[in-house]
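These notes are about the structure you will find just below.
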Amino acid sequence: MNEMNDYAGQHEVISENMTSMIMAELTRFVQELKQERKSHFHEGRKAQQHIETCWKQLESSKRRFERDCKEADRAQQYFERMDADINVTKADVEKARQQAQIRHQMADDSKGDYSSVLQKFNHEQQEHYHTHIPTIFQKLQDLEERRITRLGDSLKTYAEIDRQVIPIIGKCLDGITKAAESINSKQDSQTVVESFKSGFEPPGDIDFEDFTQSMKRTVSDTSLTNNRADVKSDPKTPGKSRGKLWPFIKKNKGATPEDFSNLPPEQRRKKLQQKVDELNKDLQKEIDQRDALTKMKDVYMKNPQMGDPASVAQKLIEIGSNIEKLRVEVQKFEGWLAEVEGRLPARNDNSRRQSALYETQNTAPVNNCAQDRESPDGSYTEDQSQETEVKVTPTEFDDDFDDEEPLSTIGSCKALYPFDGENEGTISVAEGEILNVIEEDKGDGWTRIRRNEEEEGYVPTSYIEVYLDKTAKDS
């Protein structure tokens, strides 16, 4: 991993050098090229507009010359008709002659203007196509050649930057190879075992307890029901967990209720939210499919040659039925979700309690239920959904000795969440209820409580907040 970090660091060096030595320069160079190219195109447009203006002047002069020539011809013809007519007075003939002369003079003037404008246009056109436009194109070509040259220089710079770090990258790769070859799977697995082993030992033989003598029941060191105080009294002797916590023992999970009521509130909320999201996603797919088929049916109805509308009618009915079913399911799960969210307390770090099955033997204060937990086989778990799966089932000794002296109260507790004690050995509690604690959590995630002289049982430790008496803590 260290070599990989160094390897990534060399690529960061390449990136930084490329940014400073290539990207910054190219960005500035490209901006300059854009401005220069823009100015060249502007020059080209001006030249094109100028030659078009000259052409329009030429056309106007040509049309005026043509019009004046036609007017002069008509005036000359009119004068000749008047001169040949013997009924026309001499004054009218003279007037027609003068008008013809004026028209001819105007035609001569238009001819001169047209000749002058034509010469000017031919000169401008010669300059446009042989001087101005070639010059602009040459400038654009020079600009493009500079761009290509600069791009080639940048590629060479990149190659030099990359070549400088190749030896270091080679060393990093050699280090990765050496580290991979030195991997020892046996040693690694043993390290994991040493890190996560629980320290539990199999329980010993149960001692015979003679009840013919008038004495209180004593608990042997090897008993499955030894309390945590015995464990703390001798740190060299690892604690014995209840038999149900021993590895590889199957738990009776049973069928999962549809509303996930077997889970703690927070896990139930997550499962219900996930189910609602899945149902909404499926519902949206069905709605999209229905809309698409509806559009297809409309197209078929407007254009029968494209298809039969009845061919999609049955499919639309099926999709409509599916949509209604999904909507009912969504409403059902949203109702359960609203119920759970209404019962959950304010979500903050102090009141939020993580439910876990197993705790390490070095427990924090008993009212901190979000502590790290470790199962007897050393595996770490934070799966809250397993809390209700492992219930403390009274052992056969509990059935045989119901008449023994009841356990004394060592503290009190307050229920943070409601709990339905449906399994044997558990007890139901309501949110906010105050009860007596008669046995602490021994590392399995369960605490034994009592409501009155006749009602007692186990509840998940994460569902309650425990207040131990000072004398119980000292013991």
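We count residues from 1, following the sequence as given.
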Can you measure from [atom1] ([X]) to [atom2] ([Y]) and round to the nearest 0.5 angstrom?
X: D153; Y: T157; atom1: CG; atom2: OG1; answer: 6.5 Å
X: I427; Y: Y458; atom1: CD1; atom2: OH; answer: 12.0 Å
X: H132; Y: I51; atom1: NE2; atom2: CD1; answer: 8.5 Å
X: L272; Y: D259; atom1: CG; atom2: CG; answer: 7.0 Å
X: E455; Y: I449; atom1: CD; atom2: CD1; answer: 10.0 Å
X: I287; Y: I323; atom1: CD1; atom2: CD1; answer: 5.0 Å

Return yes if a side-chain donor-acceptor contact under 3.5 Å exists between N322 and E318, otherwise no.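 Per modelled atom types, N322 and E318 side chains form no pair under 3.5 Å.
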Starting from the C-alpha separation in whole Å, work towards a yes-or-no answer on salt bridge (charged side-chain N to carboxylate O under 4.0 Å, His left out) for E278 and K281. CA-CA 5 Å; E278 292 175 357; K281 186 176 180 181; over 6 Å; no
[X] atom [atom1], over 12 foreign heavy atoms within 6.0 Å:
X: R37; atom1: CZ; value: no
X: N2; atom1: CG; value: no
X: F29; atom1: CZ; value: yes
X: K332; atom1: NZ; value: yes
X: M18; atom1: CE; value: yes

Please test D308 against Y300 for side chain to side chain contact (heavy atoms under 4.5 Å, CB included), starting from the C-alpha separation and ending with a verdict. CA-CA 6 Å; D308 184 11; Y300 288 169; 5.8 Å; no
Decide yes or no for [X] and [Y]: does some side-chain heavy atom of the first lie under 4.5 Å from some side-chain heavy atom of the second?
X: I317; Y: Q314; result: yes
X: R290; Y: E286; result: no
X: I168; Y: D6; result: no
X: E258; Y: E329; result: yes
X: F419; Y: S428; result: no
X: Q284; Y: N280; result: no
X: R150; Y: R146; result: no
X: E456; Y: E439; result: no

Using the ring of each side chain (for Trp, its six-membered ring), is F333 parallel, tilted or perpendicular to W336, with breaks at 30° and 60°?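 Perpendicular, since the angle between the ring planes exceeds 60°.
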Is there a donor-acceptor pair closer than 3.5 Å between any side-chain N or O of S15 and the backbone N or O of H11?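 Side chain of S15 to backbone of H11: no pair is present.
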T447 side chain to V459 backbone, donor-acceptor under 3.5 Å: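 Answer holds: no.
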Heavy-atom closest pair, residues [X] and [Y]:
X: L435; Y: V429; answer: CD1-CG1, 4.0 Å
X: C413; Y: V437; answer: CB-CG2, 3.7 Å
X: E3; Y: C172; answer: OE1-CA, 3.3 Å
X: A415; Y: I464; answer: CA-CG2, 4.1 Å
X: L316; Y: K297; answer: CD1-CD, 3.9 Å

Is [Y] paired with [X] through a side-chain N to carboxylate O contact shorter than 4.0 Å?
X: R147; Y: E144; value: yes
X: E324; Y: R327; value: yes
X: R451; Y: E433; value: yes
X: K139; Y: E36; value: no

Step by step, work out the salt bridge (charged side-chain N to carboxylate O under 4.0 Å, His left out) result for E43 and K46. CA-CA 5 Å; E43 293 177 2; K46 286 180 62 177; over 6 Å; no
Contacts of K171 that satisfy side chain to side chain donor-acceptor pair (under 3.5 Å) - sequence neighbours left out: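 For K171, no residue satisfies side chain to side chain donor-acceptor pair (under 3.5 Å) once neighbours in sequence are set aside.
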